[in-house]
Amino acid sequence: MPGVRAPLRRSRSDRRIAGVVGGLAKYFGVDPTLARVLYVVGSVVSAAFPGILVYVLLWAIVPEGD
């Protein structure tokens with residue numbers, strides 16, 4: 001079906017820690033390096049804690065890809 005996306009999965013091949021941002025980048029069709037930079041900048045601007053908390057929650061919730 002056109003327009004249907006694959007489900008969100010953590011990346012196994014493009015990971016630095018747990019593959020969360022790599023999986024998000026693949027899901028949204030963005031360069032993984034750009035996604036990481038934006039995630040870190042967003043975390044720092046928001047005083048880092050929410051970004052770390054969101055990352056850990058996504059690590060626990062989002063299943064690992066194939």
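Residue numbers start at 1 and run along the sequence shown. Computation of the quantities below employed the complete heavy-atom set of this structure, encompassing side-chain atoms and omitting hydrogens, waters and symmetry-equivalent molecules.
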| note | For Pro63 and Leu8, the nearest pair of non-hydrogen atoms, with its separation, is CD-O, 4.2 Å
| query | If every non-hydrogen atom of Pro32 is compared with every non-hydrogen atom of Ala25, which pair is closest and at what distance? | reply |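 Looking at all heavy atoms of both residues, the closest pair is CA-CB, 3.7 Å.
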| Which pairs count as salt bridge (charged side-chain N to carboxylate O under 4.0 Å, His left out) when at least one residue sits in residues 53-63, sequence neighbours excluded? |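 As it turns out, there is no salt bridge (charged side-chain N to carboxylate O under 4.0 Å, His left out) pair with a partner in residues 53-63 once direct neighbours are skipped.
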| request: Among residues two or more places apart or on two chains, list those pairs meeting salt bridge (charged side-chain N to carboxylate O under 4.0 Å, His left out) that have a residue in residues 27-45. | output: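 Qualifying pairs, neighbours excluded: Asp14-Arg36.
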Look at the side-chain heavy atoms of Ile, Leu, Val, Met, Phe, Trp and Tyr, link any pair under 4.5 Å apart, and say whether [X] and [Y] land in one connected group.
X: Val40; Y: Phe28; answer: no
X: Ile17; Y: Tyr39; answer: yes
X: Val21; Y: Ile61; answer: no

| query | How long is the gap from CG on Leu24 to CG on Leu38, to the nearest 0.5 Å? | reply |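 So the CG of Leu24 and the CG of Leu38 are separated by 11.5 Å.
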| Below 4.0 angstrom, N of the basic side chain to O of the carboxylate: do Glu64 and Arg12 qualify? |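 So Glu64 pairs with Arg12 through a salt bridge.
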| Non-neighbouring partners of Ala18 that pass side-chain contact (heavy atoms from CB on, under 4.5 Å), sequence neighbours left out | Arg10, Val20, Tyr55, Trp59
| Donor-acceptor pair, Tyr27 side chain versus Ala6 backbone, under 3.5 Å? |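 No; judged by distance alone, with no hydrogens or angles, the pair does not exist.
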